[in-house]
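Computed from heavy atoms alone, side chains included, the values below leave out hydrogens, waters and symmetry copies. Order of the sequence lines fixes the chain letters, A, B, ..., with proteins taken first and strands second; residue numbering starts at 1 for each chain.
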Amino acid sequence: MAHAHAVKRHTGLMDWLTTVDHKKIGILYLFAGFFFFLVGGLEAILIRVQLWMPMNDFVSADTFNQLLTMHGTTMIFLAAMPMIFALMNAVIPLQIGARDVAFPFLNSLGFWTFFFGAVLLNVSWFAGGAPNAGWTSYVPLASPVYSSTHGVDYYVIGLQIAGLGTLIGGINFLATIINMRAPGMSFMRMPMFTWAAFITSALILFAFPALTVGLVALMFDRLFDANFFDTSQGGNAVLWEHIFWIFGHPEVYILILPAFGIISEVISTFSRKRLFGYSSMVFATVLIGFLGFMVWAHHMFTTGLGPVANALFSIATMLIAVPTGIKIFNWLFTMWGGSIKFTTANLFAVGFVPTFVMGGVTGVMLAAAPADFQYHDSYFVVAHFHYVIVGGLVLGLFSGLFYWWPKMFGRVLNETLGKWFFWLFFIGFHLTFFVQHFLGLMGMPRRVWQYLDGLGFNEMNLVSSVGAMLMGLGTVVFIINMIVTGLKPRDAANDPWEDGRTLEWTIPSPPPEYNFAQTPLVRGYDAFWKEKMEGKNAMTPAEPLGPIHMPSPSILPFLMSVGLFIAGFGFMYHNYYIGIGGLVLTFGCMFLRSVIDDHGFHIDPEEPQDKGVKA
Amino acid sequence: MMNRWHVLKRLTPLLAGMVLLLSACGRADLSTLRPQGPVAEEQFGLMTWSIIIMALVVVVVFVLAAYVIIRFRRRPGDKTIPVQVEGSHKLEIIWTVIPIILLVILGVPTIQSVFGLAKDYTNDPDAIQVKVTAHQYWWEFEYPNLGVKTAQELLIPDDAVISIHAETKDVIHSFWVPSLAGKIDTNPAGNANTMYFSAPKKGVYLGKCAELCGPSHALMDFKVKVVDRASFERWVTAQKAPVALPQDQELADLLTNQCLSCHAIGDKGGKVYPNLTGIGSRESVAGILINTEDKKYSNEGTVEENLKRWLKDPQAVKPGNLMPTVELSDQQIEAISKYLAGLKLEY
Amino acid sequence: MSAHSHVDGQLPHEPEKATLEGRNKVLAFWLFLGGETVLFGTLFSAFLALRHQVLDGPTEQELFSLPLVAAATFILLTSSLTSVFAIQAMHANRVKSMINWLIITVILGLGFLGLEIYEFYHYVQEGHGFTTSAFSSAFYTLVGFHGAHVAFGVVWISILIAQVSKRGLNVVTAPKVYVAGMYWHFIDVVWVFIFTVVYLMGKVG
């Protein structure tokens with residue numbers, strides 16, 4: 001029935017530039033995200049070196065502001081988000097028994113727009129100075145009057161392009177999870193990580209457009225003399241804060257929910273136990289996502305919104321503690337009565353639970369508006385959000401990386417090095433950030449380039465800087481681990497942890513291009529575990545063996561993103577020929593995509609072929 | 001013997017924690033943990049209350065986690081399959097309801113305090129009205145009802161409510177005196193904010209800018225000086241009194257041309273930049289060069305030394321500030337510093 | 001179930017949902033419109049926050065001429081109707097009629113754009129430029145975003161007309177036309193809000 005099309009199979013670099021395979025895109029996201037994690041980490045180290053002693057002059061005041069701005073922006077948009085997308089790409093289609101995502105082409109486009117947006121943002125370092133108004137980019141500080149270099153231009157344009165990629169990715173995963181589930185994989189049988197990815201994608205869909213509008217407005221102010229935030233022309237500075245945080249707070253949950261999903265998978269697998277209270281976990285995830293949109297003004301208690309708004313947002317914020325608490329106790333009771341194996345992945349997961357609780361309780365403390373008048377914009381807040389983002393998300397990400405690494409690359413990461421990494425990073429993390437709670441309470445504001453001597457801040461800042469070095473050292477151990485593991489033969493079993501519960505562990509590591517030779521039939525939650533308990537070691541197929549249709553690779557997503565990258569430069573420097581030229585390239589590729597049908601090609605699962613992705 | 005040793009062993013971490021906590025309280029004139037006025041005390045009370053509740057949560061989770069991790073770790077070679085529990089409605093209800101109860105007991109005082117601290121004193125004739133205007137990187141304090149304006153040092157009496165009206169002339173800053181009251185943002189005009197506090201204890205308190213406002217955000221400190229009512233009134237009078245320019249005509253001309261074009265001294269000079277009246281009796285120069293005879297740190301010195309340091313290169317003290325490096329010879333800087341250091345108010 | 005295995009066969013009743021690719025496309029487009037709703041919602045909020053900041057520029061009452069805007073509204077609403085006819089024709093497998101209705105939709109879209117450009121030109125003449133005040137910036141950004149959406153839609157539907165004329169209606173082209181129809185309705189709904197929030201509220205005060 002199927003006519004085979006001759007499709008050019010690319011190799012080498014061209015293969016990576018044109019791939020639409022979710023597994024390869026996952027790897028691209030991972031390495032790009034990890035690269036920017038190192039960049040952001042280096043910025044963090046420089047910040048801590050500057051602050052290791054009072055009145056230090058290691059970097060200049062303006063450089064320091066560039067560092068803190070780029071550290072925040074890089075870590076959130078260019079490191080955390082892509083690493084989340086890396087795991088979503090690598091795992092979600094496998095967990096729901098799909099051959100690919102709903103839109104393989106868009107998947108590639110999402111990656112390349114993110115990548116070129118990220119590169120554009122970082123070019124600012126070499127083009128007269130990085131953005132220096134904080135990752136929140138509050139106006140008027142970020143307005144052309146008070147930030148006259150091109151730094152903030154790079155911020156608004158780079159983030160618009162990268163944000164576009166994120167939005168595309170979010171829509172793609174929503175459609176994938178809704179439409180592409182294997183037979184029998186009902187919503188209430190989906191693995192927790194899939195659920196978390198689903199809700200995160202929904203948050204991306206509804207939060208990122210708000211950021212886009214804010215960035216467009218700020219861009220118009222900066223490049224075309226618009227007056228959105230220019231108070232002398234009737235603009236409003238507080239409007240930016242609202243727009244930013246209507247995006248910004250859901251963004252926090254966009255970051256943390258996937259970590260919740262990862263932790264649920266890892267703890268359940270390594271306790272050999274079903275996730276405790278699965279339905280309440282799902283309910284809690286949905287509720288957190290929903291409440292995430294109701295609490296943005298708790299970032300603005302000191303902006304002066306009045307007591308009624310402050311009271312309402314205080315209470316709404318505190319409410320989030322309830323579903324979060326449900327999750328924490330469900331994890332603890334998943335372990336209760338289990339048989340817990342402490343692999344590196346599980347060390348990160350188990351370390352996550354108390355660490356995240358510490359970040360969570362300071363979150364509730366911050367929710368009390370009158371007390372927040374004291375905490376706000378002090379180091380207490382710095383400690384709080386690093387506890388939830390590093391202690392929460394980053395520990396979760398590393399847990400997920402160690403857990404799914406064999407599935408992505410066919411090699412199990414070295415456990416000894418992994419444990420070194422965990423302990424260095426974990427201890428370093430607590431050293432760095434625990435003392436910062438007290439620094440804040442003792443009156444140290446955040447985002448300070450220097451602190452005066454004799455204020456009692458010296459010792460704790462030193463401790464904090466030492467901790468940061470340990471985290472850096474841990475990360476180096478992880479890099480060594482990646483290299484060492486990469487040199488080993490690719491020999492991971494289908495189910496390397498032997499206690500796998502979900503569909504990704506039923507197929508080879510790494511999986512073939514089409515993932516499942518036959519779409520599996522899902523008969524319950526923890527589909528693979530269910531089969532195992534009935535003595536089988538494979539899924540029942542839901543279809544006969546036959547040729548599998550695959551989408552063709554394409555260079556267009558790459559070119560479209562290059563077009564946006566060029567256009568960004570053109571408009572930034574008011575060179576409209578280049579700007580419009582870039583847009584022509586982007587829309588031209590879009591046109592080609594519309595008029596040239598992609599017939600794809602077919603693979604016969606029987607024929608021998610090279611085994612999936614290369615590391 | 002054995003028992004006592006056990007008790008001690010259990011108490012050690014607790015004691016160590018307490019020591020850390022006490023040593024971590026910070027300076028009385030700067031720390032939110034050592035409140036020196038009723039507003040900061042109320043906020044501290046709420047903070048303590050939330051810390052107690054949250055410490056309870058943390059302890060429960062930690063103990064549970066420690067127990068689970070130790071009790072249920074896998075023995076090598078263990079192949080048994082644990083019982084697959086789906087969940088427990090009873091337990092799940094418990095850990096839904098208890099947090100809700102905890103939040104209610106935190107939420108009620110929060111709401112009370114939100115409205116309590118929003119009390120409006122802007123029309124109260126007994127309150128001291130202060131208009132705080134933030135600039136990159138200095139603070140302007142105007143007492144509209146008293147007709148007085150000063151900079152960097154907010155002088156207030158110990159017996160009145162201080163009603164603050166805060167706004168900015170440039171970017172957003174945040175007005176924060178940790179030991180007296182929480183902060184409020186200084187927004188551009190149109191979104192001005194108000195707050196109040198009082199300071200019953202005489203002394204000098206440290207104030208800080210808490211919102212990123214540019215390169216010298218970290219150095220945008222100010223002082224709050226609390227005095228008794230009589231000396232406050234003497235200060236207001238002294239602040240308004242005319243100030244004599246130096247006898248030396250050359251120096252007077254220099255001052256008039258180079259300094260007073262922007263700064264005011266007494267009844268003379270420009271009104272846009274920091275008022276220098278009585279600068280010789282202030283606690284600091286430019287907010288961060290602390291005036292003291294007993295120099296301990298690199299940012300300290302006598303008033304005259306600090307003034308000289310500032311005049312020589314303002315950008316080295318506060319990068320990005322708007323004070324230009326004025327073309328002055330060393331002798332001129334010497335003379336101006338000496339004159340300014342002598343501008344002391346009696347109060 | 002590859003996309004093109006249906007090409008030569010009988011076209012199903014709802015060709016846009018006949019393949020998994022088609023269903024994905026329609027679903028994802030609904031989701032995309034959800035995001036677009038937030039985008040315009042934020043633009044509306046910004047406009048509402050800034051609409052009284054006219055400074056020296058002309059006010060809303062002085063500026064807006066309801067007959068012109070009413071004409072634009074009428075044109076755009078009619079084009080929405082003609083796009084419905086096009087989709088109906090598609091479901092009845094009447095390709096020629098579908099193309100004709102799409103052409104009328106495009107022409108009406110162009111008419112709307114013409115009126116909008118005329119309107120903007122007129123405003124600039126009256127001293128209501130993009131940089132005049134916060135109100136003017138917010139106005140042009142909101143209405144301009146919508147105008148850009150209309151322009152994109154006009155180009156998009158034109159390309160689809162060419163594609164369908166050349167290759168006929170099948171399970172690959174049908175979802176594209178259907179999705180373009182959804183898009184067209186969406187920008188129509190946005191315009192109804194713009195008409196109410198920007199023009200009517202501006203005129204009434």
Under 4.5 Å to a heavy atom of chain A? For B:Ile53 that would be neither

- Looking at side-chain heavy atoms only, is the closest gap between B:Ile81 and A:Met533 below 4.5 Å? yes

So, the part of B:Lys79 with a heavy atom under 4.5 Å from chain A: the answer is both

Applying a strict 4.5 Å limit to non-hydrogen atoms, the region of B:Ile98 in contact with chain A is neither

If one checks every heavy atom of B:Ala55 against chain A at 4.5 Å, the contacting part turns out to be neither

_Quick check: do B:Phe44 and A:Gln374 have side-chain heavy atoms less than 4.5 Å from each other?_
no

If one checks every heavy atom of B:Val83 against chain A at 4.5 Å, the contacting part turns out to be backbone

Whatever's closer than 4.5 Å to a heavy atom in chain B on A:Phe329 counts as both

I'd like to check B:Glu92 versus A:Ile326 (side-chain heavy atoms, cut-off strictly below 4.5 Å). Are they in contact? no

Worksheet item: Is it true that A:Trp336 and B:Tyr67 have ring centroids separated by less than 6.0 Å?
Response: yes

Under 4.5 Å to a heavy atom of chain A? For B:Leu102 that would be neither

Side-chain contact test, heavy atoms from C-beta onward, threshold under 4.5 Å: evaluate it for B:Phe72 versus A:Ser339 and give yes or no. no

Whatever's closer than 4.5 Å to a heavy atom in chain A on B:Thr96 counts as both

key: Neighbour count >12 (heavy atoms, 6.0 Å) for atom CZ, A:Phe283   = no

When the 4.5 angstrom heavy-atom criterion is applied to B:Gln136 and chain A, the contacting part is side chain

Comparing B:Ile290, B:Leu117, B:Ile172 against chain A, the one with the most heavy-atom pairs below 4.5 Å turns out to be B:Ile172

- Using 4.0 Å as the upper bound for N to carboxylate O, is an ion pair formed by B:Lys183 and A:Asp372? no

Audit row: A:Asn236, B:Asn191, side-chain hydrogen bond (donor to acceptor under 3.5 Å, both in side chains) steps and yes/no: CA-CA 8 Å; A:Asn236 192 323; B:Asn191 287 309; 3.1 Å; yes

When the 4.5 angstrom heavy-atom criterion is applied to B:Asn187 and chain A, the contacting part is side chain

d(B:Leu64 CG, A:Met335 CE) to nearest 0.5 Å is 8.5 Å

Would you call A:Lys273 and B:Val85 a side-chain contact if the rule is heavy atoms closer than 4.5 Å? yes

Bottom line for B:Trp95: the part with an atom under 4.5 Å from chain A's heavy atoms is both

**OP:** Flag the pair B:Met54 / A:Thr362 as yes when at least one side-chain heavy-atom distance between them is below 4.5 Å, and no otherwise.
**Re:** no

Okay, B:Asp221 and chain A: the region with an atom under 4.5 Å from a heavy atom over there is side chain

### Query
Does A:Ile340 offer a backbone N or O that forms a donor-acceptor pair with the side chain of B:Arg73 under 3.5 Å?
no

- Item | Pairwise side-chain contact, A:Val139 with B:Val171, heavy-atom cut-off 4.5 Å (strictly under) | no

When rounded to the nearest 0.5 Å, the distance separating SG of B:Cys213 from OH of A:Tyr146 is 11.5 Å

